[in-house]
Every structure is written in structure tokens, then in C-alpha cells.
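Following: one structure in C-alpha cells, then a few remarks.
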Amino acid sequence: MRRTRNAKIVATLGPASSDPAVIRQLFLAGVDVFRLNFSHGSHADHRERFQTLRALELETGRPIGILADLQGPKLRVGTFADGPVTLVQEQAFRLDLDPLPGTAERVCLPHPEIFLALVPGAELLLDDGKLRLVVERCGADFAQTRVAVGGKLSDRKGVNVPGVVLPITALTGKDRRDLALALDLGADWIALSFVQRPEDVTEARALIGDRAAIVVKLEKPPAVERLDEIVALADAVMVARGDLGVELPAERVPAIQKRIVRACRKLGKPVIVATQMLESMIDSPVPTRAEASDVATAIYDGADAVMLSAESASGRHPVLAVRMMNRIIEEVEADPACRQLIDASHSALRPGGDVAEAVCCAMRRAVTLLQAAAIVCYTSSGHTSLRAARERPESPILSLTPRLATARRLVLVWGVHSVHTDDVADVDQMTDRACEVARRDHFAKAGQFIVAVAGTPFGSPGTTNLLRIATT
């Protein structure tokens, strides 16, 4: 079950990919982490998919990562009395808390926290930015606006408030119920939607503890403004370009994507590039050339993973989409320019770093000099493998851990082949185990070098302090 690429694939499960046979095909086609989108589906749906994935993991003997994506505070308008209305440019339109069905002149916006944050001149974006309103007057329970960009507006369409930090938590009541289920099931990663500030991550961490790792979805401009603080608190980051592209001009999103990837690479945090990567494959069996280039760009930049959303959840060709993404990644990683770009983007270490940085820096150099067949990280918490992956070494990383939860989480990380194995007692036993697994999983042949990295004493998290070179 060895993958022949470094970057990973995250795929969303949904109506088109709920059957166990389809899920198995997706895994065999290349999916490393499966996303359960709690914006859709019932708890029973997610429980069934979760059980299917764990059965597949047992069958294949390869750890499978599961990411539970919480909906977050999705803001929506109310309903309309007589169906969709058409808003005309320059007309007046009122938003208020009145629950009565709307008309062409007004509609309910059942979110008082929005009115508290609005000021004259602020903009409101409706239906993924297709309609744009400008606030002229506002109060604690209303906003009188002028239509800047008109169009059709129907029931329950989304509302975005760009440039405004709203006084709301990133975890709604629904999110807390969904989170409880995800943690009870044993999800490996929890994705937080619509994070605005570092405090949103801190709040989630207090609820989650160490039961799962946290993926922060960056899709709000205020979060991008505090990027370094948020990345430091997160376990991983998702560049959620859908809502980010609604609240920011489309031309700014590529540069922000690269900025986020660089920030994550610098701190050694896994980063996922997501949304509309192979969008046309929802209906078409092949992507556009622009979509193929979009996936390739994320790989050239050194992203840990790329993600499929509707392509695998509700599209007509979920397995073909995964196969296509797998082929694009393999093709890009075979390009010598990819290695050159990744090496050029490597963050230089400065004096004053810790022991783990020194060990992994030496590891990267040793791998290059010896042309080692593989790097073997023996880890309990996953810290050693994460530090090794931050270096983006030329050889694959075999991550050995006695903790199944750690093995599952590390599936997301660039270059890591995650293996759940027995515990070891000393360095010699670790070296023997490393050589055994490297040969068994066809990473190394007899007589080749491997570079082993670990922390002693074994079982103590965050103690990466050992580098050993062995011959298989």
C-alpha cells in the first residue's frame, strides 16, 4: 500500500461516495485522509462512514486519517414570501430581525451580532458574493442598505461581512454537538471553520484537548491579518479558498495562498490547499488544464496536501477525480524543477534553535550526501516525524510509532509513510526495526543506507535528540 508521492490527497465523502465499495476504490486510487463534512449529512451518515473507514483500515493494514470538518457560524438571510426576488442596482433594501417572510424591499437577517458590528459604509455580500449591498444606516436591529450589485436572491442564501470582525464564536451549538460525536468516534483531525482570531483556536483547544488535532481553515480576512499567531496555535492549516475568495478580490487569493503555505512551512505545520481544485470534474471525466495547473502549483509550493470537495462528495466521477489528482502530483514531483523549488523555499535555520532542529538539519544533509534510501523516524507524539517533514528531505520518511492515533494523524504530512508498530526498548532494537520495515515495505534494499531519527528516552514526547545511520 505504499504511495509513490510525497504530497497527500484529502477527499470529502458524501452522497456520491458513501458506499463501502466506492470508499475502498477512493482509497486504492490514492486518498490518504477522508473528510467528513458536518455541514451536510446526519450523525447516522457520519457514523456509518466512519465505521466503513475503520474497517477498511483494518483490512488494508494501512493507517487512514479521518478529518471531521465543522460547519462553523454560517450566516444566512431568512425566507421570502413569494419565492426569489430580484434586487436592482441602486435600490434600497432593508435587513432586520423581523421573522416575517421577506419581500423585494426587506428580509430577515436573524443574526443580531452582525448589526452590532456594522457601520455606515460597510459592505454585505450575499450568495457567495454574487450580490453586494452597502450599508447607509444601521442600528442594533436593522441595516438600511443600497444595492451596489444586484441579482436574484432566494431563501437562506449566505451572508459575508468582509473587513469586519464579528463578535461571534467559531463554534456554534450545532458545532459543539458535532464535535462531541466526532471525538466519540475517534476523529484524527477537527477542522474549524470561519476562524477570525487566535482566541477561536484557543477556545476549541480547551474543548478538544489532545483527543484530536486541529486544522484551522483560513477563509476570513481578519484571520489572514493575524496569520502567524493562528498558525502557531494550530496543528495544521487549510487554505479554504472558497469563502476567502468571496470576501477578498479573486486576484488577491493566489498571493495569500502562497503566503499561508510559506508560514506553515516555516513552522513545520501541515498545510492543505482546498476548494475548486478539480471543480469541472463534478460533471466532466477530465479537468480543465487550468485546474491541473492549480493542483500543480500547490505541489510546487510544497503543500502537504490537496483536497477534493464536491468532486468526490457529490460529483459524477469521484474515483476518476482522485486518480487524476494522484497523477498530477506524481508528474509534478518527478519534475526536477519541483525539487529545486522546494529546496529554494526551505527556511534557513538560525543559531539558537533547539536540539530537534539541529538533528533534523543534520538528517537532511546526511540523506543528500549518502543518497539514503529512506529516513526512519521513531516517534510517540509525532513530533519527530513532523520535524523531519519540515525539512522536505529527498528520501521518503518512514514514520514508526507505537500509538495508532499518532500513526493516523501523520498520514496527512508531506513525505510520511505512517506505520503502526510495536514499542522498542533501546536504540539497537529501534535500528533493527527500522531496517526491517524499510525492507518489508520496499523502501530500501539490502546494503542501502537508511537514516534513523528518534528521541530518547523512548516514549517521551518532543525529545528528538538522536541521529543514527544504518545499512539495511
Side-chain angles (χ1 to χ4, degrees), residues 1-3 5-14 17 20 23-38 46-47 49-70 179 181-192 208 210-217 234-238 264 268-274 303-309 312-313 318 322 325-326 329 377 379-383 385-386 388-389 396-421:
M1 297 306 301
R2 177 186 172 183
R3 307 292 195 211
R5 52 178 162 76
N6 292 312
K8 305 302 181 68
I9 295 175
V10 182
T12 307
L13 295 182
S17 51
I23 292 175
R24 191 175 192 279
Q25 289 180 60
L26 292 172
F27 174 74
L28 295 176
V31 177
D32 301 287
V33 177
F34 287 87
R35 171 178 174 248
L36 305 181
N37 184 2
F38 278 82
H46 295 305
R47 187 183 298 276
R49 292 165 189 166
F50 195 100
Q51 292 168 347
T52 297
L53 290 170
R54 288 299 179 234
L56 179 61
E57 178 183 74
L58 191 63
E59 174 196 343
T60 59
R62 178 187 172 95
I64 294 175
I66 299 179
L67 185 155
D69 194 336
L70 305 180
L179 175 60
L181 174 69
L183 293 176
D184 286 344
L185 290 173
D188 307 298
W189 294 90
I190 303 295
L192 304 180
I208 296 169
D210 62 357
R211 297 176 65 186
I214 295 176
V215 177
V216 171
K217 295 169 67 176
D235 296 307
V237 168
M238 182 188 295
C264 293
K269 302 293 179 79
V271 57
I272 307 164
V273 177
D304 289 77
V306 285
M307 192 177 96
L308 297 169
S309 298
S312 59
V322 173
M325 188 166 267
N326 185 78
I329 297 171
C377 295
T379 183
S380 173
S381 66
H383 179 263
S385 298
L386 285 167
I397 301 167
L398 260 171
S399 176
L400 277 55
T401 178
R403 298 185 65 232
L404 183 55
T406 298
R408 289 166 171 165
R409 290 182 194 179
L410 289 172
V411 168
L412 177 66
V413 182
W414 186 97
V416 169
H417 179 84
S418 196
V419 178
H420 180 222
T421 186

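Worth knowing before you read on, the calculation uses all heavy atoms, side chains too, and leaves out hydrogens, waters and symmetry mates.
Checked for salt-bridge contact, Asp184 and Arg47 miss the test: no charged N lies under 4.0 Å from a carboxylate O. Taking a cutoff of 4.0 Å between a charged side-chain nitrogen and a carboxylate oxygen, Arg408 and Asp32 do not qualify as a salt bridge. Salt-bridge formation is not detected for the pair Asp304/Lys269: no Lys NZ or Arg NE/NH1/NH2 atom is positioned less than 4.0 Å from an Asp or Glu carboxylate oxygen.
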Report the C-alpha distance between Leu179 and Ile208 in whole Å, list the side-chain angles of each, state the deciding distance to 0.1 Å, and finish with yes or no for side chain to side chain contact (heavy atoms under 4.5 Å, CB included). CA-CA 8 Å; Leu179 175 60; Ile208 296 169; 3.9 Å; yes
Criterion side chain to side chain contact (heavy atoms under 4.5 Å, CB included) on Phe34 and Leu67, from CA distance to verdict: CA-CA 6 Å; Phe34 287 87; Leu67 185 155; over 6 Å; no
Verify side chain to side chain contact (heavy atoms under 4.5 Å, CB included) between Asn326 and Ile9, making sure each step is shown before the conclusion. CA-CA 8 Å; Asn326 185 78; Ile9 295 175; 4.0 Å; yes
Can you list the steps and then say if Arg62 with His420 is a side chain to side chain contact (heavy atoms under 4.5 Å, CB included)? CA-CA 8 Å; Arg62 178 187 172 95; His420 180 222; over 6 Å; no
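Heavy-atom minimum distance, Ser418 versus Val411: CB-CG2, 4.1 Å. Between Ala187 and Ala68 the shortest heavy-atom distance is CB-CB, 4.1 Å. Closest approach of Ile329 and Ala7 over heavy atoms only: CG2-CB, 3.9 Å. Val322 approaches Gly30 most closely through the heavy-atom pair CG1-N, 3.9 Å. In terms of heavy-atom proximity, Val416 sits nearest to Ser385 at CG2-O, 4.5 Å.
Asp69 contributes atom CG, which lies 8.5 Å from atom OG of Ser309 (distance to the nearest 0.5 angstrom). The distance from atom NE2 of His46 to atom CG of Asn37, rounded to the nearest 0.5 Å, is 7.0 Å. Within the model, atoms CD1 of Ile66 and CG of Leu36 stand 6.0 Å from one another, a figure rounded to the nearest 0.5 Å. Distance check: Leu56 CG to Arg24 CZ gives 6.5 Å after rounding to the nearest 0.5 Å. The CG atom of Leu400 lies 9.0 Å from the SG atom of Cys377; values are rounded to the nearest 0.5 Å. Atoms CG and OG, on Leu386 and Ser381 in that order, are 8.0 Å from each other to the nearest 0.5 Å.
Under a 3.5 Å cut-off, the side chain of Glu57 and the backbone N or O of Pro63 do not form any donor-acceptor pair. A donor-acceptor pair is defined here as one N or O able to donate and one able to accept, closer than 3.5 Å; no such pair exists between the side chain of Thr12 and the backbone of Ser312.
Side-chain contact between Pro318 and Gln25 is absent, with no heavy atoms from C-beta onward closer than 4.5 Å. The shortest side-chain heavy-atom distance between Ile23 and Leu13 falls under the 4.5 Å cut-off. Counting heavy atoms from C-beta on, the side chains of Leu412 and Val10 come closer than 4.5 Å. Residues Met325 and Val306 meet the side-chain proximity criterion, which asks for heavy atoms closer than 4.5 Å. Contact check for Trp414 versus Val271: no side-chain heavy atoms found under the 4.5 Å cut-off.
For Arg3 and Phe27, the positive end sits near the middle of the six-membered ring, less than 6.0 Å away and at most 45° from its axis.
Checking each of Arg409, Arg35, Arg54 against Asp188 for a salt bridge (charged side-chain N to carboxylate O under 4.0 Å, His left out) leaves exactly one that passes, namely Arg54.
Applying the side chain to side chain contact (heavy atoms under 4.5 Å, CB included) criterion to Thr401, with sequence neighbours excluded, gives Thr379, Arg403, Thr406, Ala407. With sequence neighbours excluded, the residues satisfying side chain to side chain contact (heavy atoms under 4.5 Å, CB included) with Asp235 are Trp189, Arg205, Ala213, Ile214.
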